[in-house]
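Here is the structure we will look at.
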Amino acid sequence: MSTDPSPDFGSVDRLEVPHRAFDDEAASLDAADPLRHHRDAFVGAETPLVYFDGNSLGRPPRATAERLARFVTDDWGGRLIRGWDEAWMDLPFAIGDRIGALTLGAASGQTVIGDSTTVLLYKLLRAALDAQMGRDPQRIEIVVGRDDFPTDRYLVEGIAAERGGRVVWIDVDTSRGVDADLLRAAVGPRTAVVLLSHVSYRSGYLADGPALTAVAHDAGALVLWDLCHSAGSVPVELDAWEADLAVGCTYKYLNGGPGSPAFAYVAARQQAALTQPVQGWMGAADVFSMGPVYRPADGMRRFLSGTPPVLAMVAMQDTLDLLEDAGIAAVRAKSIALTDFAARVADGILAPLGVTLASPRDSAERGGHVTLSHPAMRAVTARLWEGDVIPDYRDPHGLRIGLSPLSTSFAETLIGLRAVADAVRAESAGHREV
Ligand SMILES: *Cc1c(COP(=O)(O)O)cnc(C)c1O
């Protein structure tokens, strides 16, 4: 055991008061939460497991088990190949429009679901760069944050190499993200496309959508928003921002299940000018004429390539039903209340253990997760998973606390953060022993 009395992590005096106050606060926040009954709509809500990773893989709605079973017996089993004509050919657009209306501020005819986020990002970025280089051969630069999600950065590097483009990196503080000043310094007459994360996967920093879109447009660039950590959690107004392009995941806050297909948004005014490089039959003008040459379809169909993963589109529809019922504004209000509460609890019981907040403090600059930093967080995460408290870990030293508003309660948040405190204390004690 340690004989060093100074890092007195277990001091009852210091912990008891905030603990009791937080219990009362969690209870009253849950009692006043207009979305509290939605939590029971999710598998696992009845167990003591604490889930802090709905921003990475959302919990399944209970209704999904039945919806999937019904799909297999009635739709797939009953309709067989007729299902394509009757419903499935249209499903990527019908669900895309619903996602657009409920979460993206996108009028119909601009959103489709199909491939993975990575593949859709590739298709849209390539289309945007090619269109810009076609208009002005000087516009060869793709601007991206150096701390963006790996797939985004890797794609930008690959596309630049493939097309003779150039990458312009924006350096950012890893506890924040790209703001208007940083973007303004990076764009210019050579900028073709700007790729931006609306909510940073690492810090949870919430970028200013309309301001950054305007900065990109003032420089003559197109803007592509990555909405993976926004869709279903933070309201987005793509049409009002006058955004050009967007992509995002459906297996995070939209609870579509592991590997459910991503969505792509292309503003109506840009669709005719953009052609994507994966020219498959499902994106062709007349799918069943099977003509001798590829001619892209009008509208969003041209952004499809091959047969869409219909089975993987089934599950997300239950969360879209829940979102339609709750409204994205109420979801955002609860998200802010959850992350504010988590930050207060972290200040009360984790800051004394040396844990710092690696996310913006101001909720106006924060999405649906908070990141807590401490040198022991990698080991802390492993310890928490063993005890059925499930956050995730991101370098450097970051424990991500994802607070999915439809499926997370304030009491659950408090229990989980207490477990984090216990795990940090245990890891710190372990290190003092050696
Ligand atoms: C989760 C995430 C992705 C994931 O891409 P996949 O193709 O689904 O693996 C991409 N970008 C960001 C910002 C993400 O958070």
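Indexing begins at 1, ligand by ligand and atom by atom, following the structure's order.
Contacts of C249 with ligand 1, taken as heavy-atom pairs under 4.0 Å, involve the side chain alone. At a 4.0 Å heavy-atom cut-off, ligand 1 touches T118 through backbone and side chain alike. Using a 4.0 Å cut-off between heavy atoms, D152 contacts ligand 1 through its side chain alone, with no backbone atom that close. In T151, the part holding a heavy atom less than 4.0 Å from any atom of ligand 1 is the side chain.
Considering backbone and side-chain atoms alike, Y251 places an N or O below 3.5 Å from some N or O of ligand 1.
Ion pair R301/D90 not flagged as a salt bridge, since none of the NZ, NE, NH1 or NH2 atoms sits closer than 4.0 Å to an Asp/Glu carboxylate oxygen. The pair D148-R146 fails the salt-bridge criterion, with no side-chain N (NZ, NE, NH1 or NH2) lying under 4.0 Å from an Asp/Glu carboxylate O. By the 4.0 Å N-to-carboxylate-O rule, R70 lies close enough to E66 to be salt-bridged with it.
If you check which protein heavy atom lies closest to atom 13 (C) of ligand 1, you get D226 OD2, 3.2 Å. When hydrogens are left out, the protein atom nearest atom 3 (C) of ligand 1 is F149 CE2, 3.5 Å; that is the closest non-hydrogen contact. Scanning the protein heavy atoms around atom 15 (O) of ligand 1, the nearest turns out to be K252 NZ, 2.6 Å.
Every atom of ligand 1 is numbered from 1 in the order shown, and the set under 4.0 Å from a heavy atom of H229 is 15 (O). Taking every non-hydrogen atom of S116 and a distance limit under 4.0 Å, the qualifying atoms of ligand 1 come out as 7 (O).
Shown are T356, V424, L417; of these, the side chain to side chain contact (heavy atoms under 4.5 Å, CB included) with L372 is made only by L417. For the side chain to side chain donor-acceptor pair (under 3.5 Å) criterion with N255, the lone passing option out of T64, D318, T319 is T319. Tested against P391 for a side chain to side chain contact (heavy atoms under 4.5 Å, CB included), the candidates V380, L384, V50, T371 yield a single pass: L384.
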For residues 270-287, which side-chain donor-acceptor pairs fall under 3.5 Å, sequence neighbours excluded?
unit_1 : atom_1 : unit_2 : atom_2 : d
Q270   : NE2    : D244   : OD1    : 2.9
Q271   : NE2    : G109   : O      : 3.0
Q271   : NE2    : V266   : O      : 2.9
Q276   : OE1    : V278   : N      : 2.7
Q276   : NE2    : V278   : O      : 3.0
Q276   : NE2    : R302   : O      : 3.1
Q276   : NE2    : L304   : O      : 3.2
D286   : OD1    : F288   : N      : 3.4

